[in-house]
Amino acid sequence: MLVPLYKLLCFLKKTQMLLLCLGIAYLMAGSILLLQRSTIRVVQTNPAGLPPLLSLAAPPAARETTGLGTRTRSRWAMAQAASGGGSNVNQQWSGSRSLGVQHLHRRWFHNLLPESPEQRVSLLRNSRHKGTYIGCFLHNSSERALGGTMLYDLRKMTSTLCQDTCSESGYQFAGLEYGAECHCGNRISSPKAPEEDCSLVCRGERGSPCGGVGRLSIYKVEEQLPGHRKFRNIYHRGCFKMTKSTTGTFPVYSFQPNLTMQSCIETCTDKELPLAVFRKPHCFCTQTSSLFSVSQAEDKQLCVERSDLNHTAAAASTGPAEHNHYQVYHTPVLDSRCKERMFLPQRSASLVALSSFPGAGNTWVRHLIELVTGFYTGSFYFDGTLYNRGFKGEKDYWKSGRSICVKTHESGQRDIQMFDSAILLIRNPYRSLMAEFNRKCAGHLGHATDAQWSSKEWPEFVSSYAPWWASHTLGWLKFGRRLLVVHYEELQRTLLPQLRLIAAFLNVSITEERLLCAQSNQDGHFRRSGAQQPSTDPFTPDMRQMIDSFILSVDQVLQSRNFSGLPQDYLPR
């Protein structure tokens, strides 16, 4: 009896020791795991920050894409919920630069903020800048460091990209803000800020300071060789007759015996004024003015003849004649009245759609509407690329009532009747199809390759999307409650009258100055260059026969609804 009891006691002691050893091992393993996890930095990824897909999406089996838009917006709503919502972020950004605000910066800019002052200092020491880093400067609504043009790229902004852009536009300084915004200018107009305020690094690189909240990291761009200074976004406004009393009110006047159009534009760009008024040897610089409206422009030949006849006499004088004709150019400087945009101060109870078939120029028209009205446009979808390029309404809920109008490509009855009125934008289907295929293959500003044009995906795309071009317009003509039909081609030919019609339809009062400012900056950074075209005609005879039949059908319905028909250049008639 004692032997079995003794064996049992021995077994229990061994089991107890075994359990004790297992418990100790378990605790040690858990401690090691926790230590390892504490050293790992978890990086959150943002779907909006991913590069655009280059593969062609499958053609729609049906021409309603509500499901796709809903899924896209649902993913964005989840991302907003994870980040605490846009309104909360805006409120916290306006406060002091506390640890909480820095944490928000890290989340919004994907851990671009250095973890410590020591890391920030080493980052600045190790970075190689193309130009010369000047320092950190204030840049807010009351004190703007640089007053030239600006551009956005929240996905891949770099100091080199910003400096190249400013240099090519004729500017001497480049400033970066929020890790993603690029500002240009020829003089710094605000005081310096503490260097730690410019704590964000560029979105597209880790080696350069890229400003902060209301702060610019400013670089002096590399000097260009004499005579090699380039200017982009130069716009010839026309020939105008000006009096001496009028030109006397312009803020800048320069008399140069060997004056050229290039040197006059350079003078006005250096002064950060958007208009150069030129007649040898006189150069004036001024703000955008209603004096230079299209209705007041005269025959450009008068400027040429007057310049040739009066050049010798004018060169001998110290001031301009009492009456003379002047060439007027818009410099690369963006008028400050075009920069400020906002959401509607009061939420609108009426939803206005900006509806178009994909590839019809919706993004460009949104850019024009924002310029001329000063209000953000919204979107039924969330396009991270467009948001990164400055369309702040992309992240706003499309039914919020805070946008002047809402982009949509939907064409189903229910989708149309959700809006109280709509601007229906129509473009030549041949151009629209090519533009949308380019976008699907190479993004908003890229071009498809010859291999993609000759692939089997192109005819599949045309066979599916060409009927959609027709059904989209016909659907809005049938179910739309209140419509303004705008033809893309007419907008190109007669920009100002079309913009006036759009503003009146949106019930927005616009000034002549803002209208002219929009005209001068009409291209922006959102239009694809038309220089690169397929080496061969991508449309086969069968494709053209199908598309032409759709053009005739849409033209007939437009005229039957008392709208103007399609432009004559859509097809020979």
Side-chain angles (χ1 to χ4, degrees), residues 59-70 73 348-366 368-369 377-381 383 393 398-399 401 403-433 435-436 439 464-492 498-499 501-507 546-567 570-571:
R63 284 172 292 279
E64 293 192 23
T65 58
T66 308
L68 176 60
T70 303
R73 296 194 66 86
S348 174
S350 176
L351 279 177
V352 183
L354 176 60
S355 177
S356 71
F357 174 77
N362 199 301
T363 301
W364 178 53
V365 176
R366 288 177 65 187
L368 293 173
I369 291 175
T377 58
S379 176
F380 184 76
Y381 319 97
D383 189 324
W398 69 279
K399 278 189 175 181
S403 303
I404 192 68
C405 61
V406 178
K407 164 190 172 179
T408 181
H409 298 312
E410 310 302 312
S411 56
Q413 180 177 353
R414 290 184 59 188
D415 302 312
I416 294 172
Q417 291 178 343
M418 289 189 297
F419 293 94
D420 302 291
S421 57
I423 300 170
L424 178 59
L425 178 64
I426 304 175
R427 186 184 185 185
N428 187 315
Y430 290 100
R431 298 294 183 185
S432 295
L433 290 170
E436 179 61 7
R439 187 194 69 81
S464 178
Y465 275 68
W468 184 14
W469 176 87
S471 65
H472 177 274
T473 302
L474 298 177
W476 281 91
L477 289 173
K478 182 176 181 180
F479 300 114
R481 297 176 183 174
R482 175 174 168 261
L483 290 180
L484 172 68
V485 176
V486 175
H487 297 288
Y488 178 91
E489 293 76 16
E490 291 296 329
L491 192 61
Q492 285 183 310
Q498 293 293 317
L499 288 179
L501 287 175
I502 292 173
F505 183 81
L506 295 172
N507 196 26
M546 174 183 62
I547 295 171
D548 289 351
S549 66
F550 291 139
I551 291 175
L552 293 174
S553 298
V554 170
D555 183 65
Q556 292 173 0
V557 174
L558 278 170
Q559 296 189 49
S560 68
R561 301 294 176 90
N562 295 322
F563 292 104
S564 60
L566 296 176
Y570 276 31
L571 55 79

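Keep in mind it's a predicted model, so treat the numbers as computed, not measured.
- With ring centers used as reference points, Phe419 lies under 6.0 Å from Trp398.
- The two residues Trp476 and Ala422 make their nearest non-hydrogen contact at CZ3-CB, 3.4 Å.
- The shortest non-hydrogen separation linking Leu433 to Ala466 is CD2-N, 4.0 Å.
- With a 4.5 Å cut-off on side-chain heavy atoms, Ile426 and Tyr570 count as touching.
- Each of Leu425, Val485, Val554 was compared with Thr473 under the side chain to side chain contact (heavy atoms under 4.5 Å, CB included) criterion, and only Val554 meets it.
- A side-chain N or O of Glu410 and one of Tyr381 form a donor-acceptor pair less than 3.5 Å apart.
- Note that CE of Met418 is 9.0 Å distant from CG of Leu351, once rounded to the nearest 0.5 Å.
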Step by step, work out the side chain to side chain contact (heavy atoms under 4.5 Å, CB included) result for Leu491 and His487.
CA-CA 6 Å; Leu491 192 61; His487 297 288; over 6 Å; no
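- Between Val352 and Leu506, some side-chain heavy-atom pair lies under the 4.5 Å cut-off.
- Considering only heavy atoms from C-beta on, Leu354 stays 4.5 Å or farther from Leu424 through its side chain.
- Residues Glu489 and Arg427 are in side-chain contact: their nearest non-hydrogen atoms beyond the backbone lie under 4.5 Å apart.
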Show, in sequence, the C-alpha distance, side-chain angles and deciding distance for Arg366 and Ser379, and conclude whether the side chain to side chain contact (heavy atoms under 4.5 Å, CB included) test is met.
CA-CA 10 Å; Arg366 288 177 65 187; Ser379 176; 4.2 Å; yes
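- Considering only heavy atoms from C-beta on, Asp555 comes within 4.5 Å of Gln559 through its side chain.
- Side-chain atoms of Glu490 and Ser564, non-hydrogen and from C-beta on, never get closer than 4.5 Å to each other.
- In this structure, His409 and Ser356 have side chains that are in contact, with non-hydrogen atoms separated by less than 4.5 Å.
- Of the inter-residue distances, the one linking Lys478 atom NZ with Ile416 atom CD1 reads 10.0 Å to the nearest 0.5 angstrom.
- When ring centroids are compared, Phe357 and Trp468 come within the 6.0 Å threshold.
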Kindly indicate, with the supporting measurements, whether the criterion side chain to side chain contact (heavy atoms under 4.5 Å, CB included) is fulfilled by Ser471 and Phe550.
CA-CA 9 Å; Ser471 65; Phe550 291 139; over 6 Å; no
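- The distance from the CD atom of Gln413 to the CZ atom of Phe479 is 4.0 Å, given to the nearest 0.5 Å.
- Here the CH2 atom belonging to Trp469 is positioned 15.5 Å from the OG atom belonging to Ser464, to the nearest 0.5 angstrom.
- Using a cutoff of 4.0 Å between basic side-chain nitrogens and carboxylate oxygens, Asp420 and Arg481 are scored as salt-bridged.
- With rounding to the nearest 0.5 Å, the separation of OG1 in Thr363 from CG in Asp383 is 7.5 Å.
- If you run side chain to side chain contact (heavy atoms under 4.5 Å, CB included) between Ile423 and each of Leu501, Val486, Leu483, Val365, only Val486 comes through.
- Checking each of Ile502, Asn507, Ile369 against Ile404 for a side chain to side chain contact (heavy atoms under 4.5 Å, CB included) leaves exactly one that passes, namely Ile369.
- Tyr488 places no side-chain N or O within 3.5 Å of a backbone atom of Ala360 that could act as its donor or acceptor partner.
- At a cut-off of 3.5 Å, with distance as the only test, a side-chain donor of Asp548 or Tyr430 sits close to an acceptor on the other residue.
- A distance-only check finds a donor-acceptor pair linking the side chain of Arg561 to the backbone of Leu477 [under 3.5 Å].
- Residues Leu558 and Leu566 are in side-chain contact: their nearest non-hydrogen atoms beyond the backbone lie under 4.5 Å apart.
- One side chain, Ser355 or His472, offers a donor N or O that lies under 3.5 Å from an acceptor on the other.
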